[in-house]
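See below for the structure under consideration.
First listed ligand is number 1; within each ligand, the first listed atom is number 1.
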Amino acid sequence: MTRPVKIILDCDPGHDDAVAILMAAVHPAIELKAITVVAGNQTIEKTTRNALNVASASGLCANVPVASGMTRPIVREQVTAGDIHGASGLDGPTFAPPSISLDPRHAVDLMIEILTASDGDITLVPTGPLSNVAMALRREPRIAEKIEKIVLMGGAYQLGNVTPSAEFNIYADPEAAHVVFTCGRPIVMMGLDITRKVRATPDVIARVRSLGNPQAALFSEMMEFFARVQREIYGWDGPPLHDPTTIAWLIDPGCVELRRMKVEVELRGDLCYGRTSCDFFGLEDAGGNQSAEFLTKGALARPASPNAQVAVDVDAARFWDIVYETFSLYGK
Ligand code: BDR
Ligand code: CA
């Protein structure tokens with residue numbers, strides 16, 4: 001059997017982050033080293049409380065530190081997603097008081113500590129704004145070489161969800177995303193292009209609920225709230241389960257098709273602020289703008305070659321099988 005992938009899950013729960021936590025906590029293909037929390041879907045107080053609640057509900061990651069991190073984005077004013085995730089950031093279920101207490105370290109310090117002590121075999125899995133990861137990279141640049149890869153949910157090469165151009169996690173801290181996309185480490189980007197294809201329709205929710213364990217019940221309570229909001233705002237027949245695509249890919253890389261391309265974050269535009277500009281057709285590599293002068297002009301560092309593997313398709317049936325099988329590990 002192959003060794004489990006060691007990960008730090010950096011999240012802003014959030015309904016879909018919560019499912020990612022529940023999956024990462026139980027699946028034997030994943031070794032969860034820490035949960036680091038960032039402000040995003042809601043304020044840091046709320047995302048931290050939600051992370052503690054969900055980690056406690058998983059019951060299986062009691063030895064995994066949960067640390068609270070960046071309270072705000074690095075440059076821009078703060079945006080949250082209370083319209084999508086509710087006033088608490090995780091509206092719908094009610095939780096018993098958490099059995100896990102907050103680790104006293106700042107999430108950025110914890111991330112640096114774990115990476116520094118590692119053999120370079122840690123995968124970062126950010127499912128929220130990239131403020132913690134960017135801050136860690138700037139505070140201790142030597143951690144870059146210790147990051148095996150970054151598997152993140154964020155961005156889109158097609159349409160945005162918070163503006164017509166931008167996806168929430170990138171829009172909520174574009175400058176941090178710029179730091180991450182230029183850090184030189186391998187990046188896998190699960191963008192809206194595929195996460196919109198995995199929607200928790202009523203049959204999916206019923207199938208997981210039928211497992212009858214408390215975590216499956218929590219899944220269905222969360223999805224029922226999420227479904228209502230996503231139907232009202234976007235007209236979806238089921239809520240897109242964005243963040244768990246990262247964990248599903250780590251469990252079974254065959255469920256997502258990736259394509260190498262250059263990804264850059266728009267920091268200067270108004271209409272496109274926070275957009276991930278993805279060179280899907282390799283236009284720059286084909287010679288269009290690929291002069292050294294073009295790549296170095298201006299004050300921003302720019303990647304000279306493809307810097308990410310971007311998800312371009314997902315096998316939705318296989319994804320839902322992975323979710324179902326993972327929740328079945330909590331028992332029937
Ligand atoms: C992302 O935004 C958040 O609302 C979700 O948790 C997800 O990480 C999708 O755009
Ligand atoms: Ca999230």
Side-chain angles (χ1 to χ4, degrees), residues 7-24 35-44 46-51 53-55 68-70 73 78-92 107 124-133 150-174 176-177 180 188-200 219 222-223 225-230 232-234 236 238-249 265 274-276 310-311 314:
I7 73 163
I8 298 176
L9 181 54
D10 185 60
C11 55
D12 63 334
H15 295 74
D16 50 339
D17 303 81
V19 176
I21 294 173
L22 289 164
M23 290 175 70
I35 296 173
T36 51
V37 187
V38 66
N41 283 325
Q42 265 299 353
T43 60
I44 193 71
K46 292 180 180 180
T47 55
T48 300
R49 189 183 54 215
N50 296 340
N53 280 338
V54 175
S68 189
M70 296 290 286
Q78 186 158 26
V79 284
T80 56
D83 53 337
I84 303 286
H85 297 273
S88 71
L90 190 49
D91 278 12
L124 296 185
V125 183
T127 62
L130 290 157
S131 325
N132 283 343
V133 182
I150 301 172
V151 182
L152 63 88
M153 190 280 135
Y157 60 83
Q158 302 177 94
L159 302 173
N161 62 351
V162 60
T163 72
S165 305
E167 180 279 333
F168 177 78
N169 288 341
I170 307 298
Y171 182 76
D173 199 342
V180 172
V188 175
M189 171 180 137
M190 302 296 173
L192 297 173
D193 316 289
I194 65 132
T195 65
R196 281 189 174 126
K197 294 183 181 173
V198 289
R199 296 196 298 275
F219 174 91
M222 293 193 296
M223 288 307 108
F225 174 88
F226 208 30
R228 237 182 357 262
V229 175
Q230 295 274 350
E232 279 161 24
I233 297 183
Y234 300 103
W236 299 124
L241 212 53
H242 309 284
D243 295 338
T245 56
T246 56
I247 303 296
W249 181 78
V265 180
R275 174 163 180 79
T276 43
V310 177
V314 60

What distance separates [X] [atom1] from [Y] [atom2], expressed to the nearest 0.5 Å?
X: Arg199; Y: Gln230; atom1: CZ; atom2: CD; value: 10.0 Å
X: Ser165; Y: Gln158; atom1: OG; atom2: CD; value: 13.0 Å
X: Thr246; Y: Ile7; atom1: OG1; atom2: CD1; value: 7.0 Å

Protein heavy-atom partner closest to [atom] - residue, atom, separation in Å:
atom: atom 1 (C) of ligand 1; answer: Glu167 OE2, 3.3 Å
atom: atom 4 (O) of ligand 1; answer: Asn41 OD1, 2.6 Å
atom: atom 8 (O) of ligand 1; answer: Asp243 OD1, 2.6 Å
atom: atom 6 (O) of ligand 1; answer: Asp16 OD1, 2.6 Å

Checklist line | Flag for Ser88-Asp91: side-chain donor and acceptor within less than 3.5 Å | finding: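 On atom types as modelled, these side chains qualify, holding a pair under 3.5 Å.
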Checklist line | Check: Asn132/Thr36 side-chain N/O donor and acceptor closer than 3.5 Å | finding: no
Margin query: I'd like to know if the side chain of Asp243 and the backbone of Ala20 have a donor-acceptor N/O pair within less than 3.5 Å.
Written below: no
Next item on the list: Look at the side chain of Gln78 and the backbone N and O of Pro73, then say whether any donor-acceptor pair between them is shorter than 3.5 Å.
Entry: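 No, the answer is negative, given that no donor and acceptor are paired below the 3.5 Å cut-off.
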Check: At the 4.0 Å heavy-atom cut-off, does Ile84 count as touching ligand 1?
Finding: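 No, Ile84 has no heavy atom closer than 4.0 Å to ligand 1.
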Check: Does His15 have a non-hydrogen atom less than 4.0 Å from ligand 1?
Finding: no
Check: What is the name of the N/O/S atom in Asp243 that sits closest to the Ca ion (ligand 2)?
Finding: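 When I compare the N, O and S atoms of Asp243, OD2 is nearest to the Ca ion (ligand 2).
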Note to self: I'd like the atom name of the N/O/S atom in Asp12 lying closest to the Ca ion (ligand 2).
What the structure shows: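 Result: OD1.
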Next item on the list: Go through His85 and Phe226 one step at a time and tell me if the ring-ring contact (aromatic ring centres under 6.0 Å, His included) criterion holds.
Entry: CA-CA 7 Å; His85 297 273; Phe226 208 30; 5.2 Å; yes
Margin query: As a test of understanding, state which of Asp173, Asp10, Val79, Ile170 forms a side chain to side chain contact (heavy atoms under 4.5 Å, CB included) with Pro129.
Written below: Asp173
Note to self: With a cut-off of 3.0 Å, does Thr127 put an N/O/S atom close enough to the Ca ion (ligand 2)?
What the structure shows: yes
With heavy atoms of [X] as the reference, note each atom of ligand 1 found under 4.0 Å away.
X: His85; result: 3 (C), 4 (O), 5 (C), 6 (O)
X: Thr127; result: 8 (O)
X: Asn161; result: 9 (C), 10 (O)

Next item on the list: Could you tell me whether Asp12 and ligand 1 have an N or O pair separated by under 3.5 Å?
Entry: no
Margin query: Under 4.0 Å, heavy-atom basis, I'd like to know which part of Val162 is in contact with ligand 1: side chain, backbone, both or neither.
Written below: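 Near ligand 1, Val162 shows nothing, with every heavy atom at 4.0 Å or more.
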